[in-house]
Number of protein chains: 2
Amino acid sequence: MIYRVKRWHNHAMTASVRPGPRERLLLAAQELTYTHGVGVGVDSLLKAADVARRSLYEHFGGKDGLIAEVLRRSTAEDVAKYRATMDAAGDDPRTRLLAVVDQLGRIAAGPDFRGCRYLAADLALTDQEHPGHEVTRAYRHTLHGLFTDEFTALGHPRPAFAADQLLILVDGLLAAGAARPEDRPPAAAARELAEHIVDAGLPAAATADPATAP
Amino acid sequence: MIYRVKRWHNHAMTASVRPGPRERLLLAAQELTYTHGVGVGVDSLLKAADVARRSLYEHFGGKDGLIAEVLRRSTAEDVAKYRATMDAAGDDPRTRLLAVVDQLGRIAAGPDFRGCRYLAADLALTDQEHPGHEVTRAYRHTLHGLFTDEFTALGHPRPAFAADQLLILVDGLLAAGAARPEDRPPAAAARELAEHIVDAGLPAAATADPATAP
DNA sequence: GACGCGATAGATCAATCGGTCTATCTATTT
DNA sequence: AAATAGATAGACCGATTGATCTATCGCGTC
């Protein structure tokens with residue numbers, strides 16, 4: 001894959017107007033691939049970004065490269081949001097983890113929530129060799145590490161295992177949000193499940209489960 | 001040429017002859033929409049089913065109608081599988097529910113597992129007016145009812161709520177399976193989570209959680 | 001001012017999209 | 001045997017797919 005690195009700092013001084021074509025393309029693709037899926041046409045992307053056709057192939061080598069780059073950027077942004085949510089919740093790992101679940105429940109209940117972008121990409125890109133799959137795997141790995149750190153700080157006997165459970169919970173919550181059961185908001189159910197996952201690792205917990213206790 | 005009996009208005013009784021075009025189309029579409037997503041081309045479907053182009057529009061009115069019908073049929077089949085799994089597990093609701101999770105964990109770990117067909121359809125069909133969405137909602141509703149019945153038989157204080165949790169768990173498990181974390185099989189994590197969901201409703205449980213107790 | 005690079009517009013490409021059409025063939029029904 | 005309904009093959013439709021091309025334009029740097 002050949003993609004050229006552009007000197008943005010040159011344009012950065014005059015960037016008060018509007019970003020370059022590469023940036024515009026990324027922004028438009030980030031939105032359109034979420035609302036319309038990764039199957040959006042190149043023409044739609046170019047029109048939405050107001051960018052010449054050639055720029056796409058100059059910067060990303062093709063549609064697949066653009067999609068992969070969109071996923072990469074989204075990964076960085078979303079991981080930062082996870083961190084921000086946890087940091088805003090304080091220092092207690094338990095509070096930090098539950099804050100993530102609550103926040104996701106809020107997002108998934110939003111009117112314009114369209115499901116998890118990474119899972120949607122994995123399911124839509126039926127070609128397993130698509131470069132996007134590697135990005136989504138890295139995303140999940142990062143998220144898993146994020147959770148594992150908190151469980152470790154919590155003193156959880158099996159932090160990686162608990163992170164697995166929390167990841168399943170998150171995926172299920174986002175899936176339920178995407179399915180939009182208009183009468184049954186999944187946030188409450190997910191919240192209680194998350195509490196159990198977290199509390200199962202508390203050493204001094206009064207609700208210790210003998211099956212999972214060390 | 002292969003001869004065929006014309007009795008196919010009550011199909012599914014004679015298996016030795018090859019099914020009619022409608023049935024062939026459904027079978028081919030069921031497989032292709034799963035492996036290649038609902039975005040498969042009509043030509044691929046027709047070629048795989050060895051069916052004339054016109055038959056598609058005669059029987060289903062178009063691609064959307066075919067997809068919706070495929071989802072309907074899959075729903076019926078999958079719900080039957082859920083029931084069969086539970087019935088094979090005996091009469092104890094606890095055992096029956098855990099058997100479902102175990103079975104799904106096995107399926108999700110299979111080499112040709114490509115994720116939940118219904119969630120994939122919901123995410124891929126970005127047009128919210130697509131007839132497929134109604135089918136997937138009905139599927140989830142049926143599944144939820146299936147779970148609720150078991151939780152009710154279990155004496156769970158909040159059977160619908162527990163069914164919500166189990167549905168989230170199932171979706172998360174299938175999502176994790178679709179993401180294929182090559183080193184971290186999600187079945188074990190899901191299993192323990194399922195045990196908690198189920199046991200939280202056991203009246204005589206020794207591990208009763210005061211936060212969730214009535 | 002000349003140069004060069006990045007971006008632009010847009011023609012063009014073969015391929016495919018979903019869908020409609022005519023014509024023919026086959027099998028059953030009357 | 002004639003009539004009829006179902007299925008087939010395949011041409012055909014306009015639109016769109018992702019991608020490559022030429023040509024021009026804008027702008028900053030020599």
Side-chain angles (χ1 to χ4, degrees), chain A residues 1-26 28-29 32-33 36-70 124-127 130-132, chain B residues 1-11 14 17-26 28-29 32-33 36-70 124-127 130-132:
Chain A
M1 291 297 177
I2 305 170
Y3 53 91
R4 193 168 307 181
V5 180
K6 291 191 58 179
R7 321 284 176 157
W8 279 108
H9 52 274
N10 284 346
H11 288 308
M13 308 198 290
T14 66
S16 59
V17 255
R18 78 166 180 176
R22 186 189 140 99
E23 183 68 15
R24 268 178 288 152
L25 207 36
L26 276 176
L32 277 184
T33 57
H36 289 61
V38 293
V40 245
V42 169
D43 288 0
S44 308
L45 297 172
L46 297 176
K47 186 179 175 184
D50 190 28
V51 152
R53 196 168 205 82
R54 184 157 222 225
S55 303
L56 195 167
Y57 296 93
E58 283 286 331
H59 287 293
F60 305 101
K63 187 193 177 186
D64 291 355
L66 173 61
I67 288 181
E69 191 57 37
V70 163
L125 303 176
T126 57
D127 176 15
H130 193 286
Chain B
M1 259 320 167
I2 304 176
Y3 61 92
R4 77 195 70 146
V5 282
K6 203 47 189 145
R7 279 291 167 73
W8 69 283
H9 51 268
N10 51 357
H11 42 275
T14 53
V17 285
R18 99 165 176 167
R22 186 190 140 97
E23 182 69 15
R24 268 178 287 150
L25 206 36
L26 276 174
L32 277 183
T33 57
H36 288 64
V38 294
V40 246
V42 169
D43 290 359
S44 309
L45 297 172
L46 297 176
K47 186 180 174 185
D50 189 30
V51 151
R53 196 170 200 78
R54 181 157 223 219
S55 302
L56 196 167
Y57 297 92
E58 283 286 331
H59 287 291
F60 305 101
K63 188 193 177 185
D64 291 355
L66 173 60
I67 287 180
E69 191 57 37
V70 163
L125 303 175
T126 56
D127 176 15
H130 193 286

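In what follows, every chain begins at residue 1, and chains take the letters A, B, ... in the order their sequences are listed. Remember, predicted model here, so these are calculated numbers, not experimental data.
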Q. What does nucleotides 15-27 of chain D look like as a protein-contact string, B for base, S for sugar-phosphate only, - for none, at under 4.0 angstrom between heavy atoms?
A. --BBBB-BB----
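One atom, CZ of A/R24, and another, P of C/dG6, lie 16 Å apart when rounded to the nearest Å. Between B/K47 atom NZ and C/dA15 atom C1' there is a gap of 14 Å when expressed in whole angstrom units. To the nearest angstrom, P of C/dC21 lies 11 Å from CD of B/E58. The nearest whole Å value for the distance from the NE2 atom in B/H36 to the C1' atom in C/dT16 is 15 Å. For the pair B/L32 CG and C/dG18 P, the computed distance is 12 Å after rounding to whole Å. The distance from atom CG of A/L46 to atom P of C/dA9 is 10 Å, rounded to the nearest whole Å.
Not counting sequence neighbours, A/R54 has no partner by the side chain to side chain donor-acceptor pair (under 3.5 Å) test. With sequence neighbours excluded, the residues forming a side chain to side chain contact (heavy atoms under 4.5 Å, CB included) with A/A52 are A/S55, listed by chain and number. A search for side chain to side chain contact (heavy atoms under 4.5 Å, CB included) contacts involving A/A124 returns A/V38, not counting sequence neighbours.
Residue B/S55 has a polar side-chain atom (N or O) positioned under 4.0 Å from OP1 or OP2 of D/dT8. The phosphate of D/dA7 has OP1 or OP2 within less than 4.0 Å of a side-chain N or O from B/H59.
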Below 3.5 Å, can you tabulate the donor-acceptor pairs from side chains in residues 42-49 of chain A to any protein atom, sequence neighbours excluded?
| from | atom 1 | to | atom 2 | distance (Å) |
| --- | --- | --- | --- | --- |
| A/D43 | OD1 | A/R53 | NH1 | 2.8 |
| A/D43 | OD1 | A/R53 | NH2 | 2.7 |

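Between A/L66 and A/F60, the closest heavy-atom pair is N-CB, 3.6 Å.
A donor-acceptor pair is defined here as one N or O able to donate and one able to accept, closer than 3.5 Å; no such pair exists between the side chain of B/K63 and the backbone of B/L56.
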